[in-house]
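Everything on this sheet refers to the single structure shown next.
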Amino acid sequence: MATEFHNLQELRHSASLANKVFIQRDYTDGTVCKFQTKFPSELDSRIERTLFEDTVKTLNNYYAEAEKIGGQSYLEGCLACLTVYLIFLCIETRYEKVLKKISRYIQEQNEKVYAPRGLLITDPIERGMRVIEISVYEDRGSSGSSSGSSTTSSSGR
Amino acid sequence: MKNLDYQQIDPQALATPTPTPPPRPLPEHKPRRARRKWEVFPGKNRFCCDGRVIVARQCGVLPLTLGLIVLTSGLFFIFDCPFLVEHLTGCIPVIGGVLFVFVIISLLQTSFTDPGILPRATPEEAADIEKQIDNPTGSSSSYRPPPRTKEVVINQQVVKLKYCFTCKIFRPPRTSHCSLCDNCVERFDHHCPWVGNCVGKRNYRFFYTFIVSLSFLTAFIFGCVTTHLALRSQGGNGLVFALQASPASALELVVCFFSVWSILGLSGFHTYLVATNLTTNEDIKGSWSGKSGNEDVGNPYSYNSIIKNCCSVLCGPMPPSLIDRRGFVPSDDSVQTSPVEIDLPAAKNDTNMCTQGTKGLLESASRSPLLTSSCPQAKPQAVLETLPEIVPSPAPEPHKTTEGRQSTSTPHKHHSHHRTKAKQSTHHTHIPTPKTSNSSPRPHHSHSSRRKDSKNRDPKFNSLR
């Protein structure tokens, strides 16, 4: 392992941003929000594959739950239609509730899993739900080690 | 054609702090007011109420639409309702009132809601996409722009995702770039000048409610006014007497007569689109109609059930706005509270780090505010998009279409619906006749519409699929 950090504070104090890895969307199921679970090679030495895949799969499940078309969404939709969609101004939709759950989950994952490994996940909503951005940090002391990785990214993708 | 100067973004430059002067904020600089993201939004939109309300820059004929509706309804309530209440029933103004409220509210919601705008790519994202494209070929010496398409398979259909040079992203399926608003819009239907906004994923249901309720309203007013005049003409007085007694009714009659056909037609057309889970854009381009004679081409997004399609389009979950208009621009150089370190924020509260740290860490360390994408290329890039224009047969219509047209060298048309409220009583024909398509080659060779622009890049660009 290149660097170990015990928590976000240590990350903050002694790390510098080395690289960013982007997990793109997976459109094979249509326009639903789903991210590719393919493990990027840049993270090979930073985190275990299973942990990463678990995170992405959980996120995909959350998004599927938010966009699920079922009883509750129909009810919400019909009620909204009857009130000329004015209820969207008053109540929090199911989608928004799930988004809050997602950001809590990401924060928890960052604290427990990713920050100790020198990584940070950005909530996809901050990137327009296009990508999951993972920032890779390096210890300032060993700054030269992976700064070159961005230009020499290997085949993986 | 404008010579587009596409520059490769150096990821290394991004990893280091952006060298905008002053590099390090001096404490004695007066802290700039924190700006909200809508203030630095790169698209052509206008914002009101501190970012709560969004409209396209060219609001089109929205005031006219509102004015006509309010005027006609007002005349109806003032001049026709008293007579009808007296002679028929008191329900008439109630029904009219309910319809009128529906129409106005749904119109305002359509106009002022974010249609599903996709924020532009951050510089790091754009660089990452370029890296992905460059690497497979292994050539790093001669630079060329990324290929314009990527293929994915959705429900056993091959769908091409196009690269948007303005937003620097591969557009998700069903997303299109609106040149009038200069934004990529998800599930792009069309840009409607009558409501002064794009119609996309987030406001399609409002638009549909608007046109359906407007059809009912115009039909209702038309029926009531006709009844009113018929009743007045009874007793041997004649129509002329009736019109003299109530001249406003004549105006309402004319407006409603010409509107009801077009709006009913439009409602019918959109009901068809909803039932088949298509967008106007796809229908016009014939994306799934199997024009190449391949019978296997079908709409991969359809659930193959009318009810399910309707429910998913109209009653589906309401997705959030992705552009976060009221969020604050992350401060990179401008001092908000305290001087910011190059790599990481000097957090004031260690204890708060865990809760707020992730976001703050990323925002200050990544240094990628939304405004970075407002590059000078934005305007020239917009001409790449040639959405076909609907040209209904009557001649005056094209004047309306040019209302929002950019004055660029390419004949760049936007895709618009025209409710022929004035004088023309044509059905809305959205059948793509050959002349309606400005991008004359049909969609299967979807890059043909960009040939004009690609000439500059042809020598370098050889991965067109």
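So you know, we letter chains A, B, ... as the sequences are listed, proteins then strands, and number each from 1.
Counting heavy-atom pairs under 4.5 Å between each of B:Ser106, B:Pro300, B:Cys311 and chain A puts B:Cys311 at the top. In terms of heavy-atom pairs under 4.5 Å with chain A, the best-connected choice from B:Val101, B:Val153, B:Thr175 is B:Val153. With respect to chain B, the highest number of heavy-atom pairs below 4.5 Å among A:Leu75, A:Thr31, A:Thr93, A:Leu79 belongs to A:Thr31. Listed options B:Leu118, B:Val152, B:Asn155, B:Ile169 were ranked by heavy-atom pairs under 4.5 angstrom with chain A; first place goes to B:Ile169.
Of the atoms belonging to A:Val84, heavy atoms from both backbone and side chain fall under 4.5 Å from chain B. Neither the backbone nor the side chain of B:Tyr208 has a heavy atom closer than 4.5 Å to any heavy atom of chain A. Contacts of B:Tyr301 with chain A are made by side-chain atoms alone, with heavy-atom separations under 4.5 Å and no backbone atom involved. For B:Ser312, the parts sitting under 4.5 Å from any heavy atom of chain A are the backbone and the side chain alike. When heavy atoms are compared at a cutoff of 4.5 Å, A:Leu82 approaches chain B solely by way of its backbone atoms N, CA, C and O.
The nearest pair of heavy atoms linking B:Gly316 to B:Arg205 is O-NH1, 2.9 Å.
With hydrogens and angles left out, the side-chain atoms of B:Asn309 and B:Ser302 include a donor and acceptor closer than 3.5 Å. A donor and an acceptor atom, one from each side chain of B:Asn203 and B:Thr113, are nowhere located under 3.5 Å apart.
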_Before you tell me yes or no, could you show the steps for B:Glu282 and B:Arg187 under salt bridge (charged side-chain N to carboxylate O under 4.0 Å, His left out), namely the whole-Å CA-CA distance, both residues' side-chain angles and the distance that decides it to 0.1 Å?_
CA-CA 10 Å; B:Glu282 287 164 354; B:Arg187 203 185 183 277; over 6 Å; no
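The backbone N or O of A:Thr28 sits less than 3.5 Å from a side-chain atom of A:Asp26, completing a donor-acceptor pair. The backbone N or O of A:Val113 lies less than 3.5 Å from a partner atom in the side chain of A:Arg117, making a donor-acceptor pair. The main-chain N or O of B:Phe170 is never found under 3.5 Å from a side-chain atom of A:Arg130 such that the two would form a donor-acceptor pair. In terms of modelled atom types and a separation under 3.5 Å, the side chain of B:Ser111 and the main chain of B:Val195 share a donor-acceptor contact.
Taking the side chain to side chain contact (heavy atoms under 4.5 Å, CB included) definition, one finds that A:Ser73 meets it with A:Ile69, A:Arg94, B:Pro317, sequence neighbours left out.
Crowding of B:Phe216 atom CZ: a count of heavy atoms from other residues, nucleotides or ligands under 6.0 Å not exceeding 12.
At a heavy-atom separation below 4.5 angstrom, chain B is approached by A:Ala66 within residues 59-66 of chain A.
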